[in-house]
Protein chains: 2
Amino acid sequence: MKISNTVEWAIHCCTLLAGLPKGVNLSAKDLAEYHGVPHPYLAKALQTLSNDGIVKTISGPKGGYQLAKEPNNVSLLDIVLSIEGSDSCFECEEIRQQGPTALKRSASYKRPCLIAAAMWKAENVWRSELDKTKLSHLIEQVIIEADPRQMKKSQDWIEKRTP
Amino acid sequence: MKISNTVEWAIHCCTLLAGLPKGVNLSAKDLAEYHGVPHPYLAKALQTLSNDGIVKTISGPKGGYQLAKEPNNVSLLDIVLSIEGSDSCFECEEIRQQGPTALKRSASYKRPCLIAAAMWKAENVWRSELDKTKLSHLIEQVIIEADPRQMKKSQDWIEKRTP
DNA sequence: TTATTGCAGATAAAATTTATCCGTGATAAG
DNA sequence: CTTATCACGGATAAATTTTATCTGCAATAA
Ligand code: SF4
Ligand code: SF4
């Protein structure tokens, strides 16, 4: 029940990409350096995001990544499910059908039990809560809340690596 | 982002214990046999539940476990947090404070950022949803929905191991 | 053509989860 | 009082997953 911290990296990368001007891209190496994380491993996460259509890739020199959709169309849930996989966090092993008191082929096993139903319901409310937060919402708030010096530093840094 | 299946075992054990008559207990071995899972490993989970005050232990011959609280006072959340630990599933590494564009000791880092806030909010709705389902609710529904033959079989089995 | 970049797959290292074992203390039954 | 049964904590081992890196190949801008 722990979320990999590559999810955190992926969210930060997507947020940064979402704030870039149209047509501008950043390479995996730049993104890794910007966030201070290991490049080859971050690259894997970016590839996953690419496979799931969240980011778009530009190959060749001066290539890199852009956001593939509009920022208001990418939610935290999209990123989490892409990196972590979209399987349910609760996998039921149907242990009610094991053990000495179980019946064989009883119709009552067709219905999913309450335990599994409750676990899945909880996961659904978690997911829909995450889906409410879009990248567009995040960058708006960053602009409002961030320290202006940091914004400047960040913009200068980005300008140095983009045409 | 996967929940250990010992959580599933623990929930089943607690539900079974919740349905037992007052004062009656089942040993770890019995519980393992009933559910068809390995005894030494299930025993570990039961010890954890015991530490967290969810089940009560009776030592000595004919000892075992009882539910420590009223069934309407134990929720799925209690069991999940006991087995999985109560740490948040999203651990923020403050990577905004790393990398070449970060400021040193800026006051703007004091406030938790929106990403972390959204992740924690989602976990909270997940938890409160799980907290809604109490063991009492589960056993009521089991009585209504279960196959009568299975109930009989189960009761006979329990009677054989309890006075 | 050349240098740069993403990508898939293989691989290696590290950490975590899963599972078992043993010695100790508690206690009910004989 | 003795004995057998059971929970418990700690140590340990096996298996699996996560984390991280490397390599060769395709794409492409200059
Ligand atoms: S009773 Fe529910 S949780 Fe248990 S095994 Fe069956 S479906 Fe899964
Ligand atoms: S910006 Fe938010 S998610 Fe990222 S490191 Fe800081 S607190 Fe964590």
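Worth knowing before you read on, the calculation uses all heavy atoms, side chains too, and leaves out hydrogens, waters and symmetry mates.
- Between D/dT19 and A/Tyr41, a contact under 4.0 Å exists linking OP1 or OP2 to a side-chain N or O.
- Remark: side-chain polar atoms of B/Glu129 are not paired, donor with acceptor, to backbone N or O of A/Glu123 under 3.5 angstrom.
- Of all nucleotides listed (D/dA7, D/dT19, C/dA8), D/dA7 comes nearest to the side chain of B/Tyr65.
- In this model, no donor atom of one side chain and acceptor atom of the other lie less than 3.5 Å apart for A/Glu70 and A/Ser136.
- At a threshold of 4.0 angstrom between heavy atoms, the contacts of B/Pro40 include nucleobase atoms, whether or not backbone atoms are also involved.
- Of the candidates D/dT19, C/dC7, D/dC6, D/dC6 carries the atom nearest the B/Lys29 side chain, counting heavy atoms from C-beta on.
- Between B/His39 atom NE2 and C/dT18 atom P the separation is 18 Å, expressed in whole Å.
- With hydrogens and angles ignored, a donor-acceptor pair closer than 3.5 Å exists between the side chain of B/Lys44 and the base of D/dG10.
- As judged by a 4.0 angstrom heavy-atom cut-off over every strand, B/Asn25 is placed among residues making no nucleic acid contact.
- Contacts of A/Ala28 with the nucleic acid, taken as non-hydrogen atoms under 4.0 Å apart, involve only primed sugar atoms and P, OP1 or OP2.
- Side-chain proximity of A/Pro61 to the nucleotides D/dT19, C/dT4, C/dT20 is greatest for C/dT4.
- With hydrogens and angles disregarded, a donor-acceptor distance shorter than 3.5 Å links the side chain of A/Asp78 to the backbone of A/Ser75.
- Comparing C/dT5, D/dT19, C/dA19 against the side chain of A/Ser27 picks out C/dT5 as the nearest.
- Within the model, atoms CZ of A/Phe90 and CG of B/Asn5 stand 9.0 Å from one another, a figure rounded to the nearest 0.5 Å.
- Of the two residues contacting DNA chain D, namely A/Ser59 and A/Pro38, the nearest-nucleotide position lying further toward the 5' end is that of A/Pro38.
- Residue A/Ile58 is the one, among A/Ile58 and B/Ser4, whose nearest nucleotide of DNA chain C lies closer to the 5' end (criterion: closest heavy atom).
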Mind running salt bridge (charged side-chain N to carboxylate O under 4.0 Å, His left out) on B/Arg161 and B/Glu33 for me, showing each step along the way? CA-CA 12 Å; B/Arg161 358 237 127 189; B/Glu33 189 186 335; 3.4 Å; yes
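- Closest to the side chain of B/Thr57, out of D/dC6, D/dA7, D/dT28, is D/dA7.
- Across all strands shown, B/Thr6 has no heavy atoms under 4.0 Å from either base or sugar-phosphate atoms.
- Using a 4.0 Å heavy-atom distance criterion, A/Asn51 is classed as a sugar-phosphate-only contact.
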